[in-house]
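Below: one structure, written as structure tokens.
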Amino acid sequence: MPAAATLACSPDDLSAVAKLVGAAAAADVCAAVDVAAAGSPLAAVLRHLTAASAAAKPAAAAAAAEQAHSTDVVFILFSGYLVFLMQPCCDPAHSSAALDLPLFAAPIHTSVGHVATRICVPNAMTKHQAGFACLCAGHVRVKNAGNILMKNVVDCSVGTLAWYLLGNGFAFGQSNGRANPFIGTGNFALNSVSFTGVDGEGYPQFFFHWAFSAAATTIVSGAVAERISFGTYMLYSCFMSSLVYPVVAHWLWTQWGWLSPLAAAPLFGSGAIDFAGGVVVHTVGGAASLIGVYFCGPRVGRFGIDGSPCRGYRENNSNLIVLGTFLLWFGWYGFNPGSALAVSTYSTAALVARTAVTTTIGAGTGGLSAMLIVYALTKKYDVMALCNGVLCGLVAVTPGCGVIDPWAAVIVAVLAAGTFIAVDHLMLKLRLDDVVSAVPMHLGCGALGTLCVGFFARQQYVEEVYGAPGPAVGRRWGVFFGGDGRLLACQVVALLSALCWVSALLVPYFWVARRLNVVRVPVEQEISGLDASKYGVLTTNELPTKPRTKRAGYV
Amino acid sequence: MPAAATLACSPDDLSAVAKLVGAAAAADVCAAVDVAAAGSPLAAVLRHLTAASAAAKPAAAAAAAEQAHSTDVVFILFSGYLVFLMQPCCDPAHSSAALDLPLFAAPIHTSVGHVATRICVPNAMTKHQAGFACLCAGHVRVKNAGNILMKNVVDCSVGTLAWYLLGNGFAFGQSNGRANPFIGTGNFALNSVSFTGVDGEGYPQFFFHWAFSAAATTIVSGAVAERISFGTYMLYSCFMSSLVYPVVAHWLWTQWGWLSPLAAAPLFGSGAIDFAGGVVVHTVGGAASLIGVYFCGPRVGRFGIDGSPCRGYRENNSNLIVLGTFLLWFGWYGFNPGSALAVSTYSTAALVARTAVTTTIGAGTGGLSAMLIVYALTKKYDVMALCNGVLCGLVAVTPGCGVIDPWAAVIVAVLAAGTFIAVDHLMLKLRLDDVVSAVPMHLGCGALGTLCVGFFARQQYVEEVYGAPGPAVGRRWGVFFGGDGRLLACQVVALLSALCWVSALLVPYFWVARRLNVVRVPVEQEISGLDASKYGVLTTNELPTKPRTKRAGYV
Amino acid sequence: MPAAATLACSPDDLSAVAKLVGAAAAADVCAAVDVAAAGSPLAAVLRHLTAASAAAKPAAAAAAAEQAHSTDVVFILFSGYLVFLMQPCCDPAHSSAALDLPLFAAPIHTSVGHVATRICVPNAMTKHQAGFACLCAGHVRVKNAGNILMKNVVDCSVGTLAWYLLGNGFAFGQSNGRANPFIGTGNFALNSVSFTGVDGEGYPQFFFHWAFSAAATTIVSGAVAERISFGTYMLYSCFMSSLVYPVVAHWLWTQWGWLSPLAAAPLFGSGAIDFAGGVVVHTVGGAASLIGVYFCGPRVGRFGIDGSPCRGYRENNSNLIVLGTFLLWFGWYGFNPGSALAVSTYSTAALVARTAVTTTIGAGTGGLSAMLIVYALTKKYDVMALCNGVLCGLVAVTPGCGVIDPWAAVIVAVLAAGTFIAVDHLMLKLRLDDVVSAVPMHLGCGALGTLCVGFFARQQYVEEVYGAPGPAVGRRWGVFFGGDGRLLACQVVALLSALCWVSALLVPYFWVARRLNVVRVPVEQEISGLDASKYGVLTTNELPTKPRTKRAGYV
């Protein structure tokens with residue numbers, strides 16, 4: 001308690017105040033209020049109480065805001081961690097392709113090491129198992145694994161720098177509090193994040209969106225696996241993370257984006273809803289995959305002379321596919337609920353939990369549906385169909401997971417399973433060799449899910465997520481809930497715009513690469529496997545020890 | 001500040017108030033209080049201050065409650081994510097069995113592809129390694145992997161829908177705020193969750209308990225691996241998720257359950273304590289495994305003519321077992337601490353952290369104990385014993401992890417290691433072919449841990465978790481801490497009741513299936529492997545391309 | 001509302017108060033304040049308001065503190081979970097070495113099972129692939145996997161008990177609120193944690209630091225893989241977790257430690273900054289690895305007669321390395337941001353998020369740098385270099401991740417990639433057989449990163465993390481930001497002290513073990529593989545069934 005000498009009132013005033021509120025409180029009053037200036041001891045007390053009352057509310061609000069901020073940061077960061085963990089298995093069939101081919105693929109070398117073309121062996125495997133196995137055992141090595149998996153790490157390594165230097169700025173940057181509707185214009189290399197600042201563009205968002213960017217970029221790696229050249233892929237990865245993906249994210253996920261429902265004057269008075277990346281991540285990644293697959297062409301021997309697909313290109317290691325599917329499902333809980341980017345109010349907590357539920361139900365329903373569809377077609381239970389179905393369901397609920405009901409997730413996932421199987425079949429008919437079915441998965445189901453938002457989005461959820469309509473801003477919802485179709489129109493526009501943008505950038509890129517003849521590895525390298533050390537990818541970490549050994553090669 | 005015209009007092013009153021508290025505050029007072037009605041300017045100021053003071057406390061409490069809710073939701077959801085991640089390795093030996101058999105199992109085919117019965121080859125592997133390897137290489141394929149792993153995904157897919165439509169309602173549902181002591185009666189398909197509501201039956205709990213349900217269901221898949229038919233398993237999975245498991249969860253984990261310590265009048269004035277699922281998950285899953293193992297019968301060739309187990313059925317891939325053990329240990333941190341379902345008070349935060357510690361110590365001690373026991377018996381360090389010991393410790397501390405001390409976890413885990421080894425040995429003696437030791441692990445150690453709660457539960461913790469005793473509700477604790485044995489009696493009743501319930505449902509189910517001859521795959525299929533495409537499980541996701549190829553079979 | 005009879009004032013006073021504040025509030029006033037004692041109704045009202053106002057602030061602060069505590073506990077526990085998950089792949093090359101050697105290693109047995117010395121086969125693999133494969137297939141078994149992986153589980157099992165009984169006490173324990181600068185002196189077996197207490201030594205910290213301790217201990221297991229005896233390793237693990245590691249943690253991370261910046265009078269007025277374990281975990285683990293590698297000696301056949309390294313010892317399974325790298329990267333988000341140990345203020349939330357960003361950028365940059373350096377040296381893209389580079393970047397940013405800028409992380413990671421490659425090369429020159437490059441990784445990059453803190457630490461961040469300077473406590477920062485070199489001096493002292501301490505304990509330990517001839521497994525065991533059952537590690541969990549079978553050996 002301050003000494004009387006420092007009090008802003010005379011001893012008389014102090015004792016008068018003390019009569020009103022007691023000695024201890026009187027000292028506080030006199031420390032804060034000048035009794036003489038207040039006019040009377042009573043006025044001084046009342047002023048003091050009024051000031052304390054006025055200060056208490058914002059103080060409590062500030063404390064609550066700090067706690068809310070912390071909870072949100074924990075939520076965003078841990079969600080980002082989960083999204084990051086999706087990288088190594090961003091397409092489980094992808095990983096599996098890398099992991100099982102050396103063990104289970106049809107033999108493609110002659111026994112003396114000459115290069116041979118891979119030929120259709122439709123029945124050899126079943127009829128001549130013993131013979132096959134001998135040949136196969138002769139090639140037990142990691143043919144393409146180093147190259148394929150390397151791309152995932154490269155996506156994260158190159159992609160991290162590209163996102164840090166450029167991508168984050170193009171997506172979410174601003175200058176002087178403004179950005180144009182097409183592209184972000186600031187915060188490159190995080191140069192406008194205050195050192196210890198707490199703002200919307202800060203570190204947590206950077207981290208979370210970095211993980212998203214890496215996920216979108218990685219989608220392509222599986223589709224063009226086993227024949228794309230490493231340099232072309234690395235440059236693509238850089239391009240994707242720094243420009244292709246960020247611009248679409250800017251359109252849909254910032255307050256300046258021309259497609260965003262958060263814009264001051266959103267498109268058609270609604271804006272397109274892409275809660276967790278159905279357009280930004282999956283459609284963009286799927287479209288890039290389609291372009292890559294088209295320009296790369298099919299793997300050697302993938303299709304026979306009559307155009308029919310050859311056997312042995314989808315003999316996958318189902319163990320790894322199952323593990324990969326579970327890891328992706330796990331990571332999707334960072335992806336979808338995490339996209340709420342906040343959890344610290346009743347409303348956002350309910351949103352996050354509901355999103356987790358729709359995601360779960362979408363995954364389960366998708367898997368069951370795909371399995372049953374394939375069973376109906378073939379009378380076989382197919383573990384690949386089950387796993388792909390789970391992922392289809394997850395992709396398809398992604399754009400709407402925050403604004404649809406659990407029962408709607410069931411319907412969306414069933415449609416997704418059918419879409420996947422149909423598009424996958426179509427791709428083979430068109431002789432497009434998509435190693436891991438990335439196009440039907442991400443483009444097919446991503447687009448389906450995006451359109452479904454236009455039908456199933458519930459008004460209440462839309463307003464909860466994007467805010468109630470105001471004088472300038474309308475809110476629109478799904479056609480099945482009485483929406484007037486404006487939201488659906490926005491979804492269509494968003495899809496088409498994303499497809500145009502990706503095509504406008506990547507078609508020229510791959511076209512030029514093909515003209516320069518750098519898009520594919522040489523055919524002999526493709527056949528002998530991308531990891532053979534003479535072609536450029538090592539799987540050992542030892543440098544040559546020239547001085548002492550005088551031998552060429554690696555130790 | 002509102003204009004004077006909207007104030008509820010005359011200009012004179014306003015200036016009188018301003019004399020007391022200053023002009024700025026006076027406007028606020030006059031905006032809120034009618035000075036004339038208050039009787040005097042002073043009374044108006046005092047009323048305003050009193051009202052503000054009265055409002056501040058609930059406002060602060062509401063803000064704190066909102067933050068607490070958000071923290072709890074983050075905690076529950078992320079704990080649920082961890083529990084979900086346990087699925088792919090819900091029994092590591094399970095995964096490993098699937099993963100290594102094709103590579104390391106004894107050869108069971110003749111070289112020309114005929115079907116041969118699997119025979120005991122006790123010494124062949126060590127004596128004729130080269131020969132074995134050649135034969136083995138001839139069968140390097142994923143014999144059962146597709147089928148076995150598929151069950152895990154099916155548990156999640158089918159189980160998700162079953163839990164959504166029925167299970168959650170039977171477990172936690174109510175109608176009109178009531179439910180009977182035996183089974184829940186509402187909220188099927190989440191139909192009574194308010195759209196954006198915040199209540200105990202809402203989305204976070206649904207999600208968390210869904211993950212638990214899937215875990216309980218999956219336990220069986222490993223025990224009956226390699227011979228159960230897919231249809232029988234799928235139906236079992238559906239049955240387990242929708243009725244068997246939910247009813248036991250209702251008994252023990254809801255305020256209406258007849259065994260629950262949360263009930264208004266708990267059994268024996270105490271109720272049974274099952275903090276994280278020792279009865280609900282492990283005893284139920286283990287008992288279901290025992291029933292399944294009994295009715296399925298052993299794999300072909302598992303036991304010799306003299307009843308002794310044959311070699312080659314437990315040659316596991318220890319790499320995957322170790323990885324699986326770590327993933328399960330990791331997931332258990334969602335399971336056990338997550339079962340607190342709240343973390344937003346000092347008391348619950350301490351509970352959660354203590355639970356993480358007892359879980360950790362149980363795991364470490366269990367592993368070390370099992371390794372040393374096996375070393376004492378065989379003079380070998382056994383990596384399988386170590387890993388199984390870790391899981392035993394985890395299972396055994398599960399029912400009591402929140403109400404026992406770390407040192408008690410040490411004792412429980414040591415007992416669990418011994419129990420596992422004894423029961424595992426007994427199972428072989430009884431010629432029960434439990435592929436992954438699910439029965440000794442989950443039933444043996446789960447029951448042990450449940451009983452141990454009756455000895456080691458500390459009064460202070462019990463009251464902290466389940467609430468202090470009231471006029472109608474008693475609280476009982478462990479016998480070793482002076483409890484009077486009522487808790488122990490409840491634990492015994494809970495165990496026996498769960499066993500009876502599971503038996504009452506699953507024994508008829510499997511009995512009928514066996515009578516209908518659909519419980520096992522045909523013997524030739526079992527021997528040639530469940531994944532062979534002619535028997536029904538594919539590992540390729542390509543549909544037949546009939547129109548163009550005119551060939552039968554898959555591409 | 002209390003009945004009038006319990007009010008502390010007369011009916012007259014009550015009605016007088018009611019005139020001032022209304023009837024409802026008057027009852028509250030009278031329930032709390034004695035009007036007669038206060039002197040007047042007005043004074044009573046004012047006292048009541050003053051008391052309420054005075055109580056509101058600490059009540060709000062207490063509520064906010066409780067929420068902050070809960071958020072911190074969630075953050076610490078989940079960060080600890082992630083750190084724990086690093087165990088199974090604490091060195092991915094480690095896991096991979098275990099996992100691929102049996103499949104891909106050069107053949108080292110004669111075909112009839114005799115023991116043969118492993119010889120240099122520099123060109124055999126490329127020239128005679130078919131022949132190699134046949135031989136290799138003859139040895140398709142898990143040669144060392146059980147033994148190597150077992151160590152990781154043992155680290156967790158033994159380490160858990162060692163940490164519980166001794167380590168935690170030596171590191172963070174105190175007695176009577178004091179501890180000496182060298183070693184902790186209390187809280188052994190958690191004996192001074194209050195049962196439900198909330199204090200700095202409690203359960204969350206115990207759990208988090210347990211995971212750190214296990215990580216430090218595990219580093220060594222990879223370096224000395226494939227030849228250290230199990231007993232020697234188990235004793236080492238115990239020793240490391242209970243004494244070696246805890247003492248260094250005490251020095252740097254407690255308020256009593258002589259090197260700690262949190263000390264009352266820190267070294268050189270600054271103290272050494274080790275934000276997330278560059279000294280405590282990585283330098284200690286790396287130095288222990290170097291000692292272990294030196295005393296164990298190289299594996300049989302690792303170096304040729306001329307001292308050049310032989311081929312076939314680094315043929316790794318890149319799939320598992322990539323998966324392991326991603327899991328470690330994932331776990332590092334528990335390690336580095338988690339080391340903030342709090343997230344519940346704006347300042348700590350910013351710190352945590354910034355740490356996640358520097359960690360990410362360090363990882364990405366390290367990977368890219370190492371790949372490009374190796375490309376420059378060999379014209380090959382090397383997936384091992386990429387993965388090792390990622391880990392190097394992570395290790396090197398660890399000590400400073402909370403106090404450096406993202407751009408500084410770029411520089412540190414580039415230096416780390418170069419350091420790793422140089423030290424790795426040097427180790428081979430010195431014929432030190434570090435199986436998984438643990439020494440260049442953890443000692444090399446850990447020490448580099450520790451020194452870099454002395455150059456790159458920013459004043460603002462240092463003060464944010466460790467507190468502003470006071471009368472007795474100075475704060476120093478990086479030389480490049482105008483610091484005066486005292487921080488750099490502290491970093492050097494910390495490094496050297498840690499090296500001396502580890503050497504002082506582990507050199508005698510391994511020296512004695514070598515004198516006793518127990519440090520390595522017998523040479524014939526090393527060659528035939530550590531898992532061969534006659535040498536002591538089983539990979540089956542079945543006990544012998546002596547009574548019935550009368551056969552020796554395991555079933």
Side-chain angles (χ1 to χ4, degrees), chain B residues 39 43 46-47 49-50 53 56 60 64 67-68 71 74-75 78 122 129-130 133 137 306-309 311 314-316 318-319 322-323 326 330 333 343-347 349-350 352-354 356-357 360-361 364-365 367-368 377 380-388 390 406 425 428 460 464, chain C residues 19-22 25 45 49 52-53 56 60 63 66-67 69-71 73-74 77-78 81 84-85 87-88 98-99 111 113 137-138 140 142 145-146 149-150 152-153 156-158 160-161 164 190 195-196 198 202-204 206-207 210 230 536-543 545 548-549 551 555:
Chain B
L46 290 175
R47 276 165 205 241
L49 282 169
T50 302
S53 174
Q67 292 318 304
T71 305
V74 169
F75 173 69
F78 278 86
Q129 285 219 358
D306 60 349
S308 61
R311 194 171 181 129
R314 283 200 179 170
E315 300 289 326
N316 291 306
S318 48
N319 306 298
V322 169
L323 185 60
F326 274 112
F330 178 68
Y333 290 124
V343 71
S344 58
T345 61
Y346 286 120
S347 156
V352 166
R354 193 178 64 239
V357 171
T360 302
I361 288 175
T365 310
L368 192 61
L377 292 170
K380 315 271 178 187
Y381 296 111
D382 185 337
V383 70
M384 274 299 295
L386 182 61
C387 291
N388 278 329
V390 164
H425 202 58
L428 282 182
Q460 187 178 1
E464 183 182 296
Chain C
K19 276 190 187 164
L20 289 172
V21 294
V45 170
L49 282 170
S53 172
E66 185 160 26
Q67 291 318 304
H69 175 76
S70 295
T71 306
V73 167
V74 170
L77 289 179
F78 278 86
Y81 301 165
F84 167 75
L85 193 56
Q87 304 301 321
L99 284 153
S111 61
V140 173
V142 188
L149 287 161
M150 199 165 182
N152 282 343
V153 195
C156 275
S157 289
V158 176
T160 298
L161 284 174
Y164 168 61
L190 286 171
F195 287 132
T196 57
V198 181
Y203 292 116
F206 173 86
F207 180 79
W210 159 77
F230 188 71
V537 173
L538 297 173
T539 55
T540 158
N541 59 347
E542 292 185 35
L543 292 177
T545 52
R548 298 181 66 171
T549 68
R551 283 187 282 101
V555 190

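Protein chains get the first letters and strands the later ones, always in sequence-line order, with residue 1 at the start of each. Just so it is clear, the model here is predicted, and its values are computed rather than measured.
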Partner chain C: residue of B/Ala43, B/Ala356, B/Gly367, B/Ser344 with the largest heavy-atom pair count (under 4.5 Å):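 Option with the greatest count: B/Ser344.
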Between B/Leu49, B/Val74, B/Leu386, B/Thr365, the one whose heavy-atom pairs under 4.5 Å with chain C are most numerous: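 The residue among B/Leu49, B/Val74, B/Leu386, B/Thr365 with the greatest pair count is B/Leu386.
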Using side chain to side chain contact (heavy atoms under 4.5 Å, CB included) as the criterion, list what pairs up with C/Ala60, not counting sequence neighbours.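 Here no residue qualifies.
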Tell me, side chain or backbone of [X] under 4.5 Å from chain C's heavy atoms, or both, or neither?
X	answer
B/Val343	both
B/Ala64	both
B/Thr50	both

Shortest non-hydrogen contact from [X] toward [Y]:
X	Y	value
C/Gln67	B/Thr71	OE1-OG1, 4.1 Å
B/Ser53	C/Ala52	OG-CB, 3.3 Å
C/Lys19	B/Arg47	O-NH2, 3.1 Å

Which atoms of C/Thr160 are under 4.5 Å from chain B, going by heavy atoms: the side chain, the backbone, both sets, or neither?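 The answer is the side chain of C/Thr160.
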I'd like to check C/Val153 versus B/Phe326 (side-chain heavy atoms, cut-off strictly below 4.5 Å). Are they in contact?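 A side-chain contact under 4.5 Å exists here.
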Within a strict 4.5 Å, meaning less than it, do heavy atoms of the C/Leu77 and B/Tyr333 side chains meet?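 No - every pair of side-chain heavy atoms lies 4.5 Å or more apart.
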With a 3.5 Å distance limit and no angle check, can you tell me whether C/Glu66 reaches the backbone of B/Tyr346 through a side-chain donor-acceptor pair?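 Present.
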Hey, is the main chain of B/Ala349 close enough, under 3.5 Å, to the side chain of C/Ser70 for a donor-acceptor pair?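 The answer is no, because no donor-acceptor pair under 3.5 Å joins these two groups.
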Return the OG1 to OH distance between B/Thr360 and C/Tyr203, rounded to the nearest 0.5 Å.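 Separation between the atoms: 12.0 Å.
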Can you list everything that forms a ring pair (Phe, Tyr, Trp, His ring centres under 6.0 Å) with C/Phe78? Sequence neighbours excluded, please.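 Testing C/Phe78 for ring pair (Phe, Tyr, Trp, His ring centres under 6.0 Å), a comparison that skips the adjacent residues, returns C/Tyr81.
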Look at C/Val45, C/Val73, C/Leu161, C/Val21 and state which one has the largest set of heavy-atom pairs under 4.5 Å with chain B.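 Highest number of heavy-atom pairs under 4.5 Å: C/Val21.
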